K.L.:
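What follows is a structure written as structure tokens; I'll ask about it next.
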Amino acid sequence: METNTTEAPKKSLNFIEAMVEQDLREGRNDGRIQTRFPPEPNGYLHIGHAKAICLDFGIAEKYNGICNLRFDDTNPVKEDVEYVDSIMEDIQWLGYRWENVYYASDYFQQLWDLAEKLILQGKAYVDEQSAETIAKQKGTPTQAGTESPYRNRPAEESLALFRKMNTGEVAPGAMVLRAKIDMASSNMHMRDPIMYRIITDHPHHRTGWTWKAYPMYDYAHGQSDYFEGVTHSLCTLEFEVHRPLYDWFIDQFKDSDYRPRQTEFNRLNITYTVMSKRKMLQLVEEGLVSGWDDPRMPTLCGLRRRGYSPEAIHNFIDKIGYTKYDGIIDVGLLEHAARETLNKTATRVNAVLNPVKLVVTNYPDNQVEKLLTENNPEDESAGTREILFSKELYIEWDDFMEEAPKKFFRMTPGQEVRLKSAYIVKCTGCKKDAEGNIEEIYCEYDANTKSGMPDANRKVKGTLHWLSTQNAIPAEVRLYDRLFNVENPSADERDFRDLLNPDSLKTVSGCFVEPWLKNQPALAHFQFQRTGYFNIDPDTTPERLIFNRTVSLKDSWAKEKKANA
RNA sequence: UGACUUAUGGUGUAACGGUAGCACUACAGAUUCUGGAUCUGUCUGUCCAGGUUCGAAUCCUGGUAAGUCAACCA
């Protein structure tokens with residue numbers, strides 16, 4: 001008796017979902033689930049952030065919780081509203097809605113009050129040593145640090161100085177507030193970490209010049225979680241060593257059973273790609289790419305411009321999973337996710353990237369026919385459209401060989417091929433100039449083999465895409481390849497700029513496409529039949545139609561050619 | 001020569017003490033009006049050494065390897 005044959009196979013939980021379900025079973029935090037996505041507004045979101053976003057928002061969605069967006073804006077030197085806007089746009093593009101938007105800067109007063117309390121309890125002190133001295137005293141991972149001479153100053157003294165830190169009376173760098181924990185801890189982060197530093201030369205993007213002393217990440221982040229009622233604070237592996245400090249701060253202030261908990265997962269690495277904000281910024285600033293939204297960039301705006309849909313991103317994130325193992329994902333998986341998603345939705349069109357003229361010698365000179373072709377064989381509801389056939393056509397250079405190997409199923413003298421949605425034609429030769437360069441190719445068509453007619457079912461090995469010279473319109477096509485030549489640029493000892501792939505962008509002009517593509521909106525995506533998935537670049541103007549290649553189609557002929565080369 | 005974390009085919013990810021499975025890749029075949037798509041099949045794996053157990057990828061001990069940490073960044 002099989003009762004559940006119609007049920008989808010149960011997808012196994014990742015370790016975070018398993019943890020959440022256990023927390024739910026145990027009634028932790030009253031069964032409440034709350035997460036947050038906490039970007040610093042100092043750069044554009046990339047595919048690695050998408051992984052975190054899908055987890056933060058996904059967990060909340062799945063377990064009837066809420067997820068807030070919180071900007072961790074505690075360092076006015078680096079942050080800007082420009083980034084706030086793009087971050088919100090990208091999250092929404094991915095299809096998520098936050099419950100609330102918060103800013104760590106919303107809590108500056110609360111954080112300040114708590115810090116004063118900590119000082120009064122003798123758990124924090126103002127240190128007047130220089131940054132260098134403090135760094136030196138910190139010790140090394142294998143060597144304990146030494147205590148600051150200011151460590152045991154009276155609490156009232158620290159409090160008075162702390163207040164001065166925020167009035168402008170104290171120069172940046174002259175004083176910091178430190179938590180008094182353990183200078184001998186094996187965890188460097190517990191060696192009296194800095195809680196506040198003075199920044200006076202940059203206005204904060206939200207609070208302006210109001211504050212002179214700003215809280216550091218470790219203090220502000222955990223407490224913000226606590227203020228908001230976050231239950232699951234999910235972050236990447238490099239924050240693992242921060243967790244004891246996160247917990248320490250929570251312990252100092254916690255006044256009920258509620259407690260947020262930090263859990264770390266592996267960040268996303270992809271082959272032939274860099275995922276560091278610093279390196280991306282460098283690529284942009286040094287003009288090595290055209291901008292944050294260069295289609296070769298792993299930023300969300302770059303992927304969007306490249307032709308990736310939110311569905312393709314989700315599809316990819318679903319495949320890679322969440323663990324604590326710091327590996328590197330094959331970029332082929334990202335490409336596969338794009339093909340898989342686009343295959344179902346992209347309208348098939350004819351586009352000839354590298355055209356050569358094909359003359360159907362036995363076709364009437366001035367005749368033109370309208371033929372029907374399907375928009376998407378994967379989706380019958382996509383319907384059909386008309387295309388124009390005439391005596392003179394364009395086909396790809398790659399589809400002709402005067403002397404071809406046996407496995408070449410395309411245009412070569414004496415061989416029959418099908419012109420997609422049109423006729424079966426037989427190649428009869430070509431015309432050459434004085435130097436022997438081929439100028440045009442000749443063939444004869446069989447009038448009884450028009451698509452839909454009985455003779456059209458004749459077996460031919462190859463089917464070619466084509467365009468009529470009567471109505472094809474010119475276009476520019478940008479072909480993208482991986483940005484880097486080495487699998488793992490971050491692990492390479494050479495300067496990452498020396499590892500760039502010089503052929504990551506090939507601009508091809510003189511292409512031809514179907515005329516109706518002129519009127520499509522930016523980012524609209526298509527499959528260029530037998531070639532790949534392409535979308536309309538926002539640089540497109542009425543005079544200049546530009547396409548980006550999102551990803552090529554799998555090409556077993558290219559593989560065959562390579563194998564025999 | 002410290003602390004924390006991790007280790008399953010080429011890559012990523014399952015198996016929660018009981019048949020090592022899935023996806024991508026690669027390779028073969030079927031099919032096809034896209035050399036696309038689809039379908040079928042094949043190759044390849046539990047880091048090492050001990051221990052506990054009827055039984056270990058899973059638990060324990062010890063190695064080995066990798067990642068992270070010494071910003072007044074987040």
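The chains referred to below are lettered A, B, ... by the order of the sequence lines, with proteins before strands, and numbering in each begins at 1. The shown structure was predicted, so the numbers you read here are calculated from the model rather than taken from an experiment. In what follows, every heavy atom counts, from backbone to side chain, and hydrogens, waters and symmetry copies are set aside.
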K.L.:
Tell me whether the OP1 or OP2 atom of rG35(B) has a side-chain N or O from Arg530(A) closer than 4.0 Å.
P.N.:
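Yes, Arg530(A) has a side-chain N/O under 4.0 Å of OP1/OP2 on rG35(B).
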K.L.:
Is any N or O donor-acceptor pair between the side chain of Glu378(A) and the base of rU38(B) shorter than 3.5 Å?
P.N.:
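Side chain to base: no pair present.
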K.L.:
Consider the side chain of Lys559(A), meaning its heavy atoms from C-beta on, and name the nucleotide among rC27(B), rA74(B), rG36(B) that approaches it most closely.
P.N.:
rC27(B)
K.L.:
Quick one: are the ring centres of Tyr196(A) and Phe162(A) less than 6.0 Å apart?
P.N.:
yes
K.L.:
Check every strand shown and say whether Glu264(A) touches a base, only sugar-phosphate, or nothing at a heavy-atom separation below 4.0 Å.
P.N.:
nothing
K.L.:
For nucleotides 16-21 of chain B, give me every protein contact, N/O to N/O, under 3.5 Å, one pair per line with atom names.
P.N.:
none

K.L.:
Can you tell me whether the side chain of His189(A) and the base of rA3(B) have a donor-acceptor pair closer than 3.5 Å?
P.N.:
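Side chain to base: no pair below 3.5 Å.
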K.L.:
Please list, in numerical order, the residues of residues 191-201 of chain A that have a heavy atom closer than 4.0 Å to any atom of RNA chain B.
P.N.:
Ile194(A), Arg197(A)
K.L.:
In whole Å, measure the gap between the P atoms of rC39(B) and rU52(B) for me.
P.N.:
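About 49 Å, rounded to a whole number of Å.
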K.L.:
In whole Å, what is the span from the CZ atom of Arg418(A) to the P atom of rG35(B)?
P.N.:
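My rounded result for the distance is 11 Å.
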K.L.:
When you measure from every atom of RNA chain B, which of residues 313-325 of chain A have a heavy atom less than 4.0 Å away?
P.N.:
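Ile320(A), Tyr322(A), Thr323(A), Lys324(A), Tyr325(A) - these, ordered by number, are the residues of the stretch whose heavy atoms sit under 4.0 Å from the strand.
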K.L.:
Around atom CD of Glu26(A), are there more than 12 heavy atoms of other residues, nucleotides or ligands at under 6.0 Å?
P.N.:
yes
K.L.:
Identify which nucleotide among rG36(B), rG67(B), rA74(B) has an atom closest to any side-chain atom of Asp326(A), counting heavy atoms from C-beta outward.
P.N.:
rG67(B)
K.L.:
For Met175(A), answer base if it contacts any base atom (sugar-phosphate contacts may also be present), sugar-phosphate if it contacts only those atoms, and nothing otherwise; contact means non-hydrogen atoms under 4.0 Å.
P.N.:
nothing
K.L.:
Using the C1' atom as the point on both nucleotides, what is the distance between rG55(B) and rG62(B), in whole Å?
P.N.:
23 Å
K.L.:
Would the base of rG35(B) count as contacting Arg410(A) through its side chain, where contact means a donor and an acceptor less than 3.5 Å apart?
P.N.:
yes
K.L.:
Kindly say whether the aromatic ring centers of Phe528(A) and Tyr533(A) come within a distance under 6.0 Å.
P.N.:
no
K.L.:
For nucleotides rU6(B) and rA74(B), find the distance between their P atoms and express it as a whole number of Å.
P.N.:
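It works out to 27 Å between them.
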K.L.:
Under 4.0 Å between any heavy atoms, over every strand shown, what does Leu237(A) touch: base, sugar-phosphate, or nothing? Just pick one.
P.N.:
nothing
K.L.:
Would the His204(A) and Phe108(A) ring centres measure less than 6.0 Å apart?
P.N.:
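Between His204(A) and Phe108(A), the centre distance is under 6.0 Å.
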K.L.:
Look at all strands and tell whether Phe408(A) reaches a base, only sugar-phosphate, or nothing, counting heavy atoms closer than 4.0 Å.
P.N.:
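Answer is base: heavy atoms of Phe408(A) come under 4.0 Å of a base.
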K.L.:
Base, sugar-phosphate alone, or nothing: which one does Tyr214(A) contact when heavy atoms must sit under 4.0 Å apart?
P.N.:
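Nothing: the residue Tyr214(A), judged by heavy atoms under 4.0 Å, touches no strand.
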K.L.:
Closest to the Lys554(A) side chain: rC72(B), rA70(B), rG36(B)?
P.N.:
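Within the option list, the nearest is rG36(B).
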K.L.:
Mind checking Asn187(A) for me? I need base, sugar-phosphate or nothing, with any heavy atom below 4.0 Å counting as a touch.
P.N.:
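Result for Asn187(A) = nothing.
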K.L.:
Do Glu487(A) and rG10(B) have a side chain to base donor-acceptor pair shorter than 3.5 Å?
P.N.:
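No pair found.
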K.L.:
Please check the phosphate of rU13(B) (OP1 and OP2 only) for any side-chain N or O of Asn266(A) closer than 4.0 Å.
P.N.:
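Result: yes.
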K.L.:
Got a sec? Which of residues 178-185 of chain A come in under 4.0 Å of RNA chain B, heavy atoms?
P.N.:
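The stretch gives none, as no residue of it lies under 4.0 Å from the strand.
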K.L.:
Given the C1' atoms of rU13(B) and rC72(B), what is the spacing between them in whole Å?
P.N.:
41 Å
K.L.:
Identify whether a stacking contact exists between Tyr217(A) and rA74(B), where the ring centres must be under 5.5 Å apart and the planes under 30° apart.
P.N.:
no
K.L.:
Which nucleotide, rC72(B), rG2(B), rU34(B), lies nearest any side-chain atom of Pro377(A)?
P.N.:
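Nearest to the side-chain atoms of Pro377(A), counting from C-beta on, is rU34(B).
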K.L.:
Check every strand shown and say whether Ser556(A) touches a base, only sugar-phosphate, or nothing at a heavy-atom separation below 4.0 Å.
P.N.:
sugar-phosphate
K.L.:
Taking Watson-Crick and G-U wobble pairs with both distances under 3.5 Å, convert RNA chain B into its dot-bracket string, 5' to 3', dots for unpaired and | for cross-strand pairs.
P.N.:
.((((((..((((....[..)))).(((((.......)))))....(((((..]....))))))))))).....
K.L.:
Is it the case that Arg206(A) places NZ or CZ above or below the six-membered ring of Tyr103(A), under 6.0 angstrom from the centre and within 45 degrees of the axis?
P.N.:
yes
K.L.:
With sequence neighbours left out, which residue pairs that include part of residues 124-145 of chain A fulfil the salt bridge (Lys or Arg N to Asp or Glu O under 4.0 Å) condition?
P.N.:
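As it turns out, the salt bridge (Lys or Arg N to Asp or Glu O under 4.0 Å) pairs with a partner in residues 124-145 of chain A, which skip direct neighbours, are Asp127(A)-Arg178(A), Glu128(A)-Arg153(A).
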K.L.:
Does the ring center of Tyr423(A) lie less than 6.0 Å from the ring center of Tyr445(A)?
P.N.:
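Between Tyr445(A) and Tyr423(A), which both carry aromatic rings, the centre distance is below 6.0 Å.
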K.L.:
Could you tell me whether Pro39(A) contacts a base, only the sugar-phosphate backbone, or nothing, with contacts defined as non-hydrogen atoms closer than 4.0 Å?
P.N.:
nothing
K.L.:
With a non-hydrogen cut-off below 4.0 angstrom, is Ser130(A) in contact with a base, only sugar-phosphate, or nothing?
P.N.:
base
K.L.:
Select base, sugar-phosphate, or nothing to describe what Glu40(A) touches, counting heavy atoms under 4.0 Å on all strands.
P.N.:
sugar-phosphate
K.L.:
May I ask you to say what Gly452(A) touches in the nucleic acid, namely base, sugar-phosphate or nothing, with a heavy-atom cut-off under 4.0 Å?
P.N.:
base
